[in-house]
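First up is the structure itself, then whatever we jot down about it.
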Amino acid sequence: MSADQASLHGFQVLIGTWETVATHPMIEGAIPGTVTFEWGPGGQFVVQRTQNDHEQVPDATAVIGPPEDGDGMVMEYFDSRGVRRTYGVSLDAGVMRWWRHEPGFEQRYSAVLAPGAFEASGQLARNPGEWEDDLHVTYRRVED
């Protein structure tokens, strides 16, 4: 197993299909959806496909793996609005984190991964250091 594959090994707990219920401070009520995680070609990447049942929340595809250059991991994110973003990603001791440092719109997200259900919380900062709660998602496994 290469170093890149070893760094992805912890994502095995995510592989499968999950029902999600999300909340967002700008949207009233709960937002149901579905997320699938699967291994990409050759097991070199993790592919995440997200579908949300709300017109204000985009559907998305993300690919997690090693960067083109350098160490660590990144997530390349693409959504139904045409948005494309690159996030840093880490998975250490079962805690997944991703982040993006973009002036005027910094983001961070974390989850303690578990095989059957887990919760994840995001924050954003429009001004440096002024973090606000953002997306919160509950994941419940429906299929391996």
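What you are looking at is a predicted structure, and each value in this text was computed from that prediction instead of being measured.
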Taking the side chain as every heavy atom from C-beta outward, state whether [X] and [Y] have any pair of such atoms under 4.5 Å apart.
| X | Y | value |
| --- | --- | --- |
| Phe78 | Asp59 | no |
| Ile31 | Val21 | no |
| Ser90 | Trp99 | yes |
| Arg85 | Phe105 | yes |
| Arg141 | Thr17 | no |
| Leu8 | Val46 | yes |
| Arg97 | Val95 | yes |
| Leu91 | Leu113 | yes |

Are [Y] and [X] linked, directly or through intermediate hydrophobic residues, by side-chain heavy-atom contacts shorter than 4.5 Å (ILVMFWY only)?
| X | Y | result |
| --- | --- | --- |
| Trp39 | Val35 | yes |
| Ile15 | Val47 | no |
| Val83 | Val63 | no |

Would you give me the side-chain donor-acceptor pairs under 3.5 Å for residues 116-128, sequence neighbours excluded?
unit_1, atom_1, unit_2, atom_2, d
Glu119, OE1, His136, NE2, 3.0
Ser121, OG, His136, ND1, 2.7
Gln123, OE1, Arg108, NE, 2.7
Gln123, OE1, Arg108, NH2, 2.6
Gln123, NE2, Asp133, OD1, 3.4
Asn127, ND2, Glu130, OE1, 3.2

request  = State plainly whether the residues Glu76 and Arg84 are in salt-bridge range, i.e. N to O under 4.0 Å.
outcome  = yes
In Å, rounded to the nearest 0.5 Å, how long is the span from [atom1] of [X] to [atom2] of [Y]?
| X | Y | atom1 | atom2 | answer |
| --- | --- | --- | --- | --- |
| Thr23 | Leu135 | OG1 | CG | 7.0 Å |
| Met96 | Ser110 | CE | OG | 8.5 Å |
| Thr34 | Asp53 | OG1 | CG | 6.5 Å |
| Phe37 | Trp18 | CZ | CH2 | 8.0 Å |
| His54 | Glu28 | NE2 | CD | 9.0 Å |
| Glu68 | Thr86 | CD | OG1 | 10.5 Å |

Locate the shortest heavy-atom distance separating [X] from [Y]; write the atom from each residue and the value.
| X | Y | result |
| --- | --- | --- |
| Tyr139 | Tyr109 | OH-OH, 2.9 Å |
| Tyr77 | Pro58 | OH-CG, 4.0 Å |
| Asp134 | Pro25 | O-CD, 3.4 Å |
| Val13 | Gly10 | CG1-O, 3.6 Å |

ask   = Checking Glu102 side chain against Arg100 main chain: does a donor-acceptor pair fall under 3.5 Å?
value = no
request  = Begin with the C-alpha distance, continue with both residues' side-chain angles, and end with the deciding distance and a verdict on salt bridge (Lys or Arg N to Asp or Glu O under 4.0 Å) for Arg49 and Glu38.
outcome  = CA-CA 9 Å; Arg49 291 183 175 84; Glu38 61 190 20; 2.5 Å; yes
inquiry  = Surrounding CD of Gln51 (heavy atoms of other residues, nucleotides or ligands, distance under 6.0 Å), is the total greater than 12?
reply    = yes
